[in-house]
Amino acid sequence: MPALGAGELRYHAVRRRERTIVVSAVAVSAVVVVLLTVGFWAFFVHTLSDPGSPALVGIRIDGDAVTVKSGQCPRDRVRRVEVWDSGTEQRVWRGDQPLTEEGRRGLLPLWEGKGYRASSPAGQPAELPATLDVTVDHGPAYSVSEVFDIAEVRRAVVPPGSYWTREGVRTAEQLDGIPDCGNSSGP
């Protein structure tokens, strides 16, 4: 094999350097694309899996009366409340379109059919399920849901005008003060 001249050596060195630059650029670009993809995926999974409930739901039990308070923004209105037995996953009660302004603003007596345009079934069960899953629907804007351990709620000392929540005892005013009302839309 004949010896390469200076020009040929320079040509091969430049080509090798160009290949190295191209391979490095492709590798760096691939890493950046993978990191961006993982970042966007993590962002969307976090956003969609934990949309951030706009409010807390509180409950109080006074003898046979069960009342729920859903924190909400001043312009929002409750459209429906549903109560499920968390153990059996069966709905035990539903109230549609509260008739009172208090009800539309999130103060919801359960099993009081007179307070709603429609409700079913009419009466409270003889014994409440061990855990109640309460969902309050504010229409297309959002809904909030909470699961309550009835024994825990009954043991709690809940002063008048206050409600048991997963974050402890809260007043109705405190519950209404929690939502981010800048993102809420009314009906």
Side-chain angles (χ1 to χ4, degrees), residues 48-187:
L48 295 175
S49 68
D50 186 17
S53 177
L56 280 177
V57 178
I59 190 170
R60 69 176 295 113
I61 300 174
D62 298 305
D64 288 340
V66 180
T67 307
V68 168
K69 171 63 178 136
S70 172
Q72 64 187 43
C73 297
R75 66 179 178 246
D76 293 337
R77 296 294 177 258
V78 171
R79 295 189 181 189
R80 172 180 297 147
V81 59
E82 291 184 329
V83 181
W84 298 77
D85 178 342
S86 294
T88 63
E89 296 185 14
Q90 291 184 0
R91 187 174 70 198
V92 293
W93 187 78
R94 173 177 147 177
D96 290 317
Q97 300 176 350
L99 297 174
T100 66
E101 186 58 26
E102 282 182 328
R104 289 187 290 270
R105 297 179 89 219
L107 185 58
L108 305 162
L110 305 182
W111 291 284
E112 283 198 21
K114 294 179 284 185
Y116 299 87
R117 186 169 315 274
S119 67
S120 65
Q124 181 173 338
E127 187 169 323
L128 293 176
T131 54
L132 288 181
D133 184 345
V134 178
T135 301
V136 180
D137 181 10
H138 292 87
Y142 63 92
S143 64
V144 292
S145 183
E146 191 62 60
V147 177
F148 297 102
D149 179 333
I150 296 304
E152 183 178 32
V153 174
R154 289 187 193 271
R155 283 191 307 268
V157 177
V158 182
S162 296
Y163 301 86
W164 176 254
T165 73
R166 63 179 141 81
E167 295 182 3
V169 176
R170 299 281 192 268
T171 65
E173 293 79 22
Q174 289 172 321
L175 289 170
D176 284 335
I178 291 173
D180 176 9
C181 292
N183 295 330
S184 178
S185 61

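Everything numeric here is computed off the predicted structure, so don't read it as measured data.
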Inset, instruction - Go through the structure and list residues passing side chain to side chain contact (heavy atoms under 4.5 Å, CB included) with Q97, not counting sequence neighbours. - result: R117
Please list, one pair per line, the donor and acceptor atoms closer than 3.5 Å that link side chains of residues 59-71 to other protein atoms, with sequence neighbours excluded.
unit_1, atom_1, unit_2, atom_2, d
R60, NE, D62, OD2, 2.8
R60, NH1, P159, O, 2.9
R60, NH1, S162, O, 2.6
R60, NH2, D62, OD1, 3.0
K69, NZ, R105, O, 3.0
K69, NZ, D176, OD1, 3.0
K69, NZ, D176, OD2, 3.2

Legend entry - Gap between atom CH2 of W111 and atom CG of L128 - 0.5 Å precision: 5.0 Å
Inset, instruction - Look at the rings of Y116 and W93 and say which category their plane angle falls in: under 30° parallel, 30 to 60° tilted, over 60° perpendicular. - result: perpendicular
Over all atoms of both residues, closest heavy-atom pair of [X] and [Y]:
X: P98; Y: V78; result: CD-O, 3.5 Å
X: P129; Y: V92; result: CG-CG1, 4.4 Å
X: G113; Y: S119; result: CA-OG, 3.3 Å
X: G58; Y: T165; result: CA-CG2, 3.7 Å

Inset, instruction - In sequence, state the C-alpha distance, the side-chain angles, and the governing distance for V169 and W164, and then conclude on side-chain contact (heavy atoms from CB on, under 4.5 Å). - result: CA-CA 5 Å; V169 176; W164 176 254; 3.8 Å; yes
Inset, instruction - With sequence neighbours excluded, give me every salt bridge (charged side-chain N to carboxylate O under 4.0 Å, His left out) pair touching residues 144-157. - result: E146-R166
Inset, instruction - Write out all pairs satisfying salt bridge (charged side-chain N to carboxylate O under 4.0 Å, His left out) with one or both partners inside residues 85-99, taking only residues at least two apart or from two chains. - result: R80-D96, E82-R91, R94-D96
Inset, instruction - Count the heavy atoms belonging to other residues, nucleotides or ligands that lie under 6.0 Å from CD of E101, then report whether that count exceeds 12. - result: yes
Inset, instruction - Check side-chain hydrogen bond (donor to acceptor under 3.5 Å, both in side chains) between D133 and all other residues, then give those that pass, not counting sequence neighbours. - result: S145
